[in-house]
Amino acid sequence: MNMPYMPAGTVYGTLLNFQREHALWAPRMNEAPYKAPPQAPVLYIKTANTFTPTGHAIHLPRGVNEVDVSASLGLVAGEGGAVAGCVLFNDVALPHESYYRPPVKFRCVDGFLGVGREVVSLEAVGGLAGLGALSLELRVHGVLKQVVSLADLVRDAATLWADVRTFQTLRPGDVLMLGTDCLADGSRPRAKAGDAVEITVAGFHPLLNHFVQEST
């Protein structure tokens with residue numbers, strides 16, 4: 001049996017790349033400190049200490065009762081700036097409201113990135129253009145909590161990849177997540193100790209992580 005995939009490079013997340021969340025934040029984009037909507041993709045990093053393979057537990061830090069969970073799809077960089085394939089992710093974060101420059105402490109907690117089992121080739125999903133037909137489903141204990149349609153991206157996969165590469169080198173093994181969507185009220189689904197969170201999408205093995213409380 002093949003070993004589960006783990007990122008070999010840097011994993012970048014993308015903020016405000018779904019139309020609903022972008023629209024919710026649009027009225028505040030002209031406020032300080034930036035006083036204008038972002039002109040380029042807004043990125044953050046998920047550091048290597050966050051990587052948790054599918055099937056493994058994600059530990060909640062002491063004093064944390066619940067976390068945000070988010071379904072995302074990542075583009076894996078290959079040679080020569082090409083996309084080598086796609087991976088499912090569960091982007092976990094401590095609940096917070098700072099979106100433009102979210103502190104590392106909210107997003108880069110140990111274990112806070114569930115990683116899908118394998119890299120799926122672009123050919124298997126109809127190329128970058130074919131990603132727009134995919135919908136990611138997030139369930140907590142089997143109950144559907146969110147459906148994320150990649151047709152609702154502000155920048156589709158090809159556009160995001162090209163725009164990021166104008167200012168950021170993506171080396172082989174690096175991963176660019178397309179972003180995560182919010183619920184209608186602007187929040188994200190939550191998980192607490194004892195919950196099992198499963199993310200599914202056609203053509204990919206399910207990504208499953210359960211959440212446990214860190215021991216004292």
Side-chain angles (χ1 to χ4, degrees), residues 1-8 11-22 41 46 50-56 58 68-78 82-93 112-162 164 170 173-184 187-191 195-211:
M1 183 175 179
N2 293 333
M3 293 294 292
Y5 162 80
M6 288 292 278
V11 176
Y12 298 93
T14 307
L15 296 176
L16 299 172
N17 198 35
F18 276 87
Q19 294 173 16
R20 173 164 46 199
E21 187 166 51
H22 192 279
K46 298 292 286 196
T50 65
F51 304 164
T52 300
T54 183
H56 289 243
I58 294 176
D68 290 345
V69 290
S70 301
S72 189
L73 198 70
L75 307 178
V76 181
V83 178
C86 310
V87 179
L88 266 181
F89 288 102
N90 180 1
D91 190 358
V92 183
F112 270 28
L113 185 67
V115 180
R117 176 175 159 184
E118 76 284 290
V119 177
V120 174
S121 70
L122 283 183
E123 291 76 14
V125 294
L128 289 178
L131 295 180
L134 298 181
S135 291
L136 286 61
E137 297 184 349
L138 186 150
R139 291 176 171 82
V140 179
H141 275 323
V143 178
L144 183 64
K145 296 294 186 179
Q146 187 180 32
V147 178
V148 177
S149 173
L150 298 186
D152 295 334
L153 292 169
V154 174
R155 288 178 170 88
D156 63 20
T159 302
L160 179 66
W161 186 261
V164 168
L170 293 170
D174 287 349
V175 182
L176 176 64
M177 290 193 287
L178 299 178
T180 64
D181 202 3
C182 64
L183 300 171
S187 68
R188 290 207 166 32
R190 295 280 177 90
D195 285 342
V197 176
E198 183 181 41
I199 296 170
T200 57
V201 60
F204 293 73
H205 283 96
L207 167 57
L208 178 65
N209 296 109
H210 55 284
F211 288 76

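Quick note: numbers below take in every heavy atom, side chains included, and nothing from hydrogens, waters or symmetry partners.
- Closest approach of Gly114 to Leu207, counting heavy atoms only: O-CD2, 3.6 Å.
- At least one donor-acceptor pair under 3.5 Å links the side chain of Asn209 to the backbone N or O of His56.
- When the salt bridge (charged side-chain N to carboxylate O under 4.0 Å, His left out) test is applied to Asp181, the partners found at least two apart in sequence or on another chain are Arg20.
- At least one side-chain heavy atom of Met177 sits under 4.5 Å from a side-chain heavy atom of Leu113.
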Could you go through Leu160 and Asn17, starting from their C-alpha distance and side-chain angles, then the distance that decides it, and tell me whether this counts as side-chain contact (heavy atoms from CB on, under 4.5 Å)? CA-CA 9 Å; Leu160 179 66; Asn17 198 35; 3.9 Å; yes
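- The side-chain heavy atoms of Leu138 and Ile199, taken from C-beta on, include a pair separated by under 4.5 Å.
- A 4.5 Å side-chain heavy-atom check between Thr180 and Phe89 finds every atom pair outside the cut-off.
- Remark: side-chain polar atoms of Ser149 are not paired, donor with acceptor, to backbone N or O of Ser135 under 3.5 angstrom.
- Side-chain atoms of Val119 and Phe204, non-hydrogen and from C-beta on, never get closer than 4.5 Å to each other.
- Contact record, Ala191 with Val197: CB-CG2, 3.9 Å, taken as the closest heavy-atom pair.
- Side-chain atoms of Leu131 and Asp156, non-hydrogen and from C-beta on, never get closer than 4.5 Å to each other.
- Applying the side-chain contact (heavy atoms from CB on, under 4.5 Å) test to Leu144 and every residue at least two apart in sequence or in another chain returns Glu137, Arg139, Val147.
- Side chains of Val143 and Lys145 form a contact here, defined as non-hydrogen atoms less than 4.5 Å apart.
- The two residues His210 and Gly55 have their closest heavy-atom pair at CE1-O, 4.0 Å.
- Under the 4.5 Å side-chain criterion, counting only non-hydrogen atoms from C-beta, Leu16 is not in contact with Val154.
- A side-chain donor-acceptor contact under 3.5 Å links Asn90 to the backbone of Ser70.
- Residues satisfying the salt bridge (charged side-chain N to carboxylate O under 4.0 Å, His left out) criterion with Asp195, sequence neighbours excluded, are Lys192.
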Kindly determine whether Leu75 and Val175 satisfy side-chain contact (heavy atoms from CB on, under 4.5 Å), including the steps that lead there. CA-CA 5 Å; Leu75 307 178; Val175 182; 5.9 Å; no
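- Closest heavy-atom contact between Val83 and Leu122: O-CD1, 3.6 Å.
- Contact annotation: the side chain of Val76 never approaches that of Cys86 to less than 4.5 Å [non-hydrogen atoms, C-beta and beyond].
- Taken to the nearest 0.5 Å, the CG atom of Leu178 stands 15.5 Å off from the OH atom of Tyr12.
- Leu176 CG to Thr14 OG1: the interatomic distance, rounded to the nearest 0.5 Å, is 4.5 Å.
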Run Val69 and Phe112 through side-chain contact (heavy atoms from CB on, under 4.5 Å) and show every step you take. CA-CA 9 Å; Val69 290; Phe112 270 28; over 6 Å; no
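- Considering Val125, Leu73, Val87, Leu88 as possible partners of Val120, the one that fulfils the side chain to side chain contact (heavy atoms under 4.5 Å, CB included) test is Val125.
- Taking both residues in full, the closest heavy atoms of Glu21 and Cys182 are given as CB-SG, 3.6 Å, listed atom of the first, atom of the second, then distance.
- Nearest heavy-atom pair across Ala82 and Trp161 is O-CZ2, 3.7 Å.
- Judged by distance alone, the side chain of Thr54 and the main-chain N or O of Leu208 form a donor-acceptor pair under 3.5 Å.
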